[in-house]
Amino acid sequence: MKFDLHTHHERCGHATGTIRDYIEAGIKNGLQVIGISDHSPYFASSVDREQPGIAMAKSEFARYVDEVLKLKEEYRGRIDVLLGVESDFFPEVTDVYRKVYEQYPFDYIIGSVHLSGGVSIFNRKRWNGLTDRQKVEQKELYYDLIDQSARSGMFQILGHIDAMRGFYPAFSDIQTDAIDRTLQTIAKYDIAIEINTSGKTKDCGGWYPIDEILERALHFGVQVSFGSDAHVPSRVGDDWDEVAARLKEIGFREWVYYKEKQKQVVPL
């Protein structure tokens, strides 16, 4: 059983291809399940499309859901198409997002922190001139947001939980116990983390999260899922077999996906 729950398409403004293109790529690459999970609009913004090129417009969201649901029916029997969304997490406006999501029949929602301290986690300049203590503070702020996202009850999966290392590989060397604290919260609230293979496209290389975090996740009883985070159809299911093999080496015996927000366990 092969699945990929993290895919984007042209609506977000920085991916190429239609939803159909990603579904067809999933079939071509041997998937039985594909989740469509484009970036959520900035629902708390006063404008329809905050930051074009990052996320879809609010006015597109209902059309997005409708298109996925129609394609789910069209491809029934060939591949299981799941309705998802990758949601930004802003603790000050969680109720705004929650009320929108309650209106739609999502199979799952991925919660991802993309802004920490008001700055993109992928901004290379955010680390310039920081002392070692300040770097620790930045890492702990990031993991506090992930911890809060786990506690929010909004998500089934948490996305790329060490993606702040994407363009700053030294992020992994910053020492703090914040990761362990966050993993314990994730386990307590029975949320999965994804192995996200898009890290290979960034300066850090490899996948999110690093093996050390996966080992700690296993220790605390955190379950794992899979997402390519594909922004081009050719990356759908990317490195599936390699990830499965590595998880087995670490000691995992299963991973999960979600359908109608119910956990589906898949043996490794």
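The figures that follow rest on heavy atoms only: side chains count, while hydrogens, waters and symmetry mates do not.
Contact annotation: the side chain of His114 approaches that of Glu86 to within less than 4.5 Å [non-hydrogen atoms, C-beta and beyond]. Within the 4.5 Å cutoff, the side chain of Leu5 has no heavy atoms near those of the Ser37 side chain. The side-chain heavy atoms of Arg126 and Ser116, taken from C-beta on, include a pair separated by under 4.5 Å. Counting heavy atoms from C-beta on, the side chains of Pro105 and Leu83 come closer than 4.5 Å. Taking 4.5 Å as the limit, some side-chain heavy atom of Arg78 sits within range of a side-chain heavy atom of Ile27. Using a 4.5 Å heavy-atom cutoff, the side chains of Ile121 and Tyr142 are in contact.
Counting heavy-atom neighbours within 6.0 Å of Lys70 NZ, excluding the residue itself, gives a total of 12 or less. Heavy atoms of other residues, nucleotides or ligands lying less than 6.0 angstrom from CD of Glu212 number 12 at most.
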**Report entry** Check against side-chain contact (heavy atoms from CB on, under 4.5 Å), Lys135 and Tyr168
**Finding:** CA-CA 11 Å; Lys135 289 177 182 178; Tyr168 187 67; 3.1 Å; yes
Query - Arg63 and Asp66: CA distance, side-chain angles, deciding distance, salt bridge (charged side-chain N to carboxylate O under 4.0 Å, His left out) verdict - result: CA-CA 5 Å; Arg63 287 191 281 269; Asp66 185 59; over 6 Å; no
Query raised in the report: Does the pair Lys259 and Asp80 meet the rule for a salt bridge (charged side-chain N to carboxylate O under 4.0 Å, His left out), with working shown?
Result: CA-CA 10 Å; Lys259 185 171 182 176; Asp80 198 1; 2.9 Å; yes
**Report entry** CA sep, side-chain torsions, deciding dist, call: Arg235, Asp229, salt bridge (charged side-chain N to carboxylate O under 4.0 Å, His left out)
**Finding:** CA-CA 8 Å; Arg235 282 205 62 250; Asp229 203 349; over 6 Å; no
Query raised in the report: Going through the distances and angles, do Arg11 and Glu67 end up as a side-chain contact (heavy atoms from CB on, under 4.5 Å)?
Result: CA-CA 12 Å; Arg11 268 190 184 86; Glu67 183 178 355; 2.9 Å; yes
**Report entry** Residues Leu214, Leu218; criterion side-chain contact (heavy atoms from CB on, under 4.5 Å); working and verdict
**Finding:** CA-CA 6 Å; Leu214 289 174; Leu218 178 63; over 6 Å; no
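Partners of Thr201 under the side chain to side chain donor-acceptor pair (under 3.5 Å) rule, at least two apart in sequence or in another chain, do not exist in this structure. Looking at residues two or more places apart in sequence or on another chain, you find a side chain to side chain donor-acceptor pair (under 3.5 Å) between Tyr75 and Arg20, Glu24.
Under a hydrophobic clustering in which Ile, Leu, Val, Met, Phe, Trp and Tyr are joined whenever their side-chain heavy atoms come within less than 4.5 Å, directly or via other members, Phe220 and Ile250 fall into the same cluster.
Taking the ring axis of Phe43 as reference, the NZ or CZ atom of Lys58 does not stay both within 45° of it and closer than 6.0 Å to the ring centre. A cation-pi geometry, defined here as NZ or CZ lying under 6.0 Å from the six-membered ring centre and within 45° of its normal, holds between Lys202 and Phe122.
Residues Tyr97 and Ser87 bring no donor and acceptor atom of their side chains to less than 3.5 Å of each other. Using modelled atom types, one finds no donor on one side chain facing an acceptor on the other under 3.5 Å when comparing Asp238 with Thr197.
Not less than 6.0 angstrom separates the ring centroid of Trp240 from the ring centroid of Trp207. Remark: aromatic rings of His39 and His14 are close, center separation under 6.0 Å.
In this pair, Tyr104 and Phe61 present their aromatic rings perpendicular. The plane angle is above 60°, beyond the 30 to 60° band.
Taking 4.0 Å as the cut-off between side-chain N and carboxylate O, Lys200 and Asp239 count as a salt-bridged pair. For Asp162 and Arg165, the salt-bridge test passes: some basic side-chain N is under 4.0 Å from an acidic carboxylate O. Using a 4.0 Å cut-off between charged nitrogen and carboxylate oxygen, Glu140 and Arg133 count as a salt-bridge pair. Salt-bridge check for Asp190 with Lys263: passed, with a basic side-chain N closer than 4.0 Å to an acidic carboxylate O.
Screening residues 99-112 for salt bridge (charged side-chain N to carboxylate O under 4.0 Å, His left out) gives Lys72-Asp107 as the qualifying pairs, with residues at least two apart or on separate chains.
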